Amino acid sequence: MVGNGEVIAIDYSSPNIAKPFSIGHLRSTIIGHAIGNCLEKCGYKVIRINHLGDFGTQFGKIIYSYLHFGNKEAVKANPIPELVKLYVEFHERAKDQPGMEEEARKIFKELEQGNKEYHDLWSWFREVSLEDYLKVYQLLRVSFDSYDGEAFYNDKMQPVIDELQEKGLLIEDEGAMIVPLEEGTPPALIQKTDGSTLYITRDLAAFFYRKRVYQANKVLYVVGNEQKLHFQQLAQVIEKMGYPYAKDIIHVNFGLVLQDGKKMSTRKGKIVRLEDVLREAIRLSREYIEEKNPDLAEKELIAEKVGVSAIIFNDLKNYRGNDFEFNLEDSVNFFGQTGPYLQYTSVRIKSIFAEDTFVFDGKIDLNWFGSDDVFDMVKTISFYPGIIQRCVQEYAPSILAKYLLTLATQFNSFYGKEKILVSDRIERHTKLHLCRMIEFVIDDGMRLLGMQIIEKM
RNA sequence: GACUCGGUAGCUCAGCUGGAUAGAGCAACGGCCUUCUAAGCCGUCGGUCAGGCGUUCGAAUCGCCUCCGAGUCGCCA
């Protein structure tokens with residue numbers, strides 16, 4: 001095992017409380033989850049951290065808005081949409097009432113200092129939002145070891161600031177406290193003019209916490225491309241503090257999900273909700289089942305597994321660092337290079353074993369493996385461990401995704417040409433042995449990607 | 001303006017530590033189900049690898065320049 005028990009903390013998913021779970025967070029979630037699975041397979045100990053965006057001035061705004069025009073029942077019934085509504089309402093009204101912004105900042109400051117009323121509200125908003133996210137995580141079959149978000153580090157930043165001060169790294173500039181960095185890198189802003197902290201301050205505290213408490217050898221951040229500079233700064237500040245950790249901070253960056261070449265997200269009035277996308281995928285796979293296999297047992301459950309896995313695979317087959325085009329009609333299409341294609345391949349193999357409960361007894365014809373296409377398949381199978389290692393080295397699940405497509409294609413081609421369950425016992429067992437190996441690799445690979453394995457479809 | 005990342009078939013993407021005729025899926029067209037699931041298989045069509053210059057025996061891949069797109073560049077995260 002390459003991992004040798006080394007501890008790797010992965011910071012991924014990390015949705016912003018009181019905001020809808022976006023398609024961008026989906027990318028972080030499934031990329032982080034898949035990388036975590038691959039690392040575990042390689043013998044690493046993985047700590048999965050959902051670094052919730054549960055802090056910041058927006059809470060001042062939401063609390064203000066809730067106290068003035070909010071409604072408890074409405075939030076209870078429909079947490080996230082209602083909280084979003086309050087946030088939007090705040091901004092609409094604040095346009096004409098300049099005092100509101102100031103008021104919201106004040107509320108946030110008091111929240112930070114422990115105001116009971118505000119804290120209770122914040123805690124409630126956090127809880128109901130998290131409940132909503134858990135529904136998505138349940139669909140995706142994703143879970144975390146920790147949900148400590150930004151707020152968790154609220155009381156852990158001062159020691160870091162003190163340390164920066166002691167080491168003489170912190171200087172005042174235009175009223176703010178900054179750490180100057182290497183030539184070409186803008187300085188890191190540690191404290192605002194008003195003394196409040198910033199994103200990087202929290203991330204510094206979080207990094208040291210993860211080093212200390214989790215004994216993490218590396219910390220992976222599955223965060224979008226747009227934060228590249230942030231992580232460069234984070235690594236540089238830590239290096240300037242004298243720690244040899246810069247190389248342990250790994251920004252597993254990813255690109256945007258586009259629609260017609262434009263960013264697919266909360267554009268004017270049109271919020272692309274992840275749950276809607278998943279529901280749509282499930283609905284379409286249900287339609288397929290009705291068309292292709294109407295007598296299938298547990299249709300609803302299969303539809304869910306196929307639909308959700310289709311969305312996951314559609315994302316993971318693309319190299320994470322690049323933007324990719326999300327086309328609902330193409331994910332509607334369950335042909336070709338898709339999750340359902342892999343699941344279908346697995347199901348086909350399983351249906352063979354439904355006819356013959358094969359047990360490997362060593363009596364196979366090894367010469368048969370020498371023939372052209374079979375040899376290619378055996379070669380592909382033998383690449384599997386190396387593929388996983390590359391996945392882990394490059395933090396790129398797409399390598400595994402593409403590989404599985406290759407193997408599945410080879411199998412389907414073979415399956416179309418050759419009958420497996422022939423009467424000759426040696427030949428049959430030789431073929432079944434090959435099928436077993438392929439089934440194992442495809443199922444294991446799908447599992448690592450976070451997809452569902454099904455028996456029938 | 002500076003820096004970063006992209007530009008490969010009509011569309012979506014691989015390939016990029018240099019190596020032989022640049023691959024796959026979708027779309028289009030044509031075949032294959034009395035036999036293990038046709039969500040499959042087989043075939044046809046489709047590319048001056050954005051453009052130029054350079055390095056090299058050899059460049060989609062490395063370097064430089066230009067064009068186009070995206071992102072980032074002190075008090076958001």
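What you see is a predicted model, and the numbers here were worked out from it, not measured in a lab.
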Short side-chain N/O contact to B:A14 OP1/OP2 from A:N322, under 4.0 Å = yes
Counting Watson-Crick and G-U wobble pairs only, both distances under 3.5 Å, name the nucleotide matched with B:U12, or none.
-> B:A24
Test for a donor-acceptor pair under 3.5 Å between the base of B:C41 and the side chain of A:S413, counting only N and O atoms.
-> no
Between A:Y341 and B:C41, does any side-chain N or O lie under 4.0 Å from OP1 or OP2?
-> yes
Using purine N1 to pyrimidine N3 plus N6-O4 or O6-N4 for Watson-Crick, or N1-O2 and O6-N3 for G-U wobble, each under 3.5 Å, what pairs with B:C33?
-> none
C1' atom, B:G6 versus B:G15: distance in rounded Å?
-> 16 Å
Between B:C16 and B:C5, how far apart are the C1' atoms? Round to whole Å, please.
-> 14 Å
Same-atom distance (P) from B:G47 to B:G1, integer angstrom | 36 Å
Distance below 4.0 Å between A:Y199 side-chain N/O and B:A77 OP1 or OP2 | no
Ring-on-base stacking B:G40 with A:Y415 (under 5.5 Å, under 30°) = no
How far, in whole Å, is B:U8 from B:U61 if one measures between their C1' atoms?
-> 12 Å
If we take the C1' atom in both B:A9 and B:U44, what is their distance in whole Å?
-> 15 Å
A:K292 side-chain N/O to B:A39 phosphate OP1/OP2 under 4.0 Å = yes
Using the ring of A:F208 (Phe, Tyr or Trp, six-membered ring only), decide whether A:K156 places NZ or CZ under 6.0 Å from its centre and within 45 degrees of its axis.
-> no
Under 4.0 Å between a side-chain N/O of A:K192 and OP1 or OP2 of B:C76, yes or no?
-> yes
Report yes or no: is the cationic atom of A:R436 (NZ for Lys, CZ for Arg) under 6.0 Å from the centre of the six-membered ring of A:F353, at an angle within 45° of the ring normal?
-> yes
Does A:R286 pair with A:E290 as a salt bridge, N-O distance under 4.0 Å?
-> no
How far, in whole Å, is B:G10 from B:C49 if one measures between their P atoms?
-> 12 Å
Rounded to the nearest Å, what distance is computed from the CG atom of residue A:L52 to the P atom of nucleotide B:A77?
-> 16 Å
Give a yes/no on whether any side-chain N or O of A:R348 is located under 4.0 angstrom from OP1 or OP2 of B:G40.
-> no
Between A:H429 and A:F358, is the gap from one ring center to the other below 6.0 Å?
-> yes
B:U56 and B:C64: how far apart are their C1' atoms, nearest whole angstrom?
-> 16 Å
Ring centroid separation A:Y209 to A:F152 under 6.0 Å | yes
Spacing of the C1' atoms in B:A59 and B:G51 (rounded, Å) = 16 Å
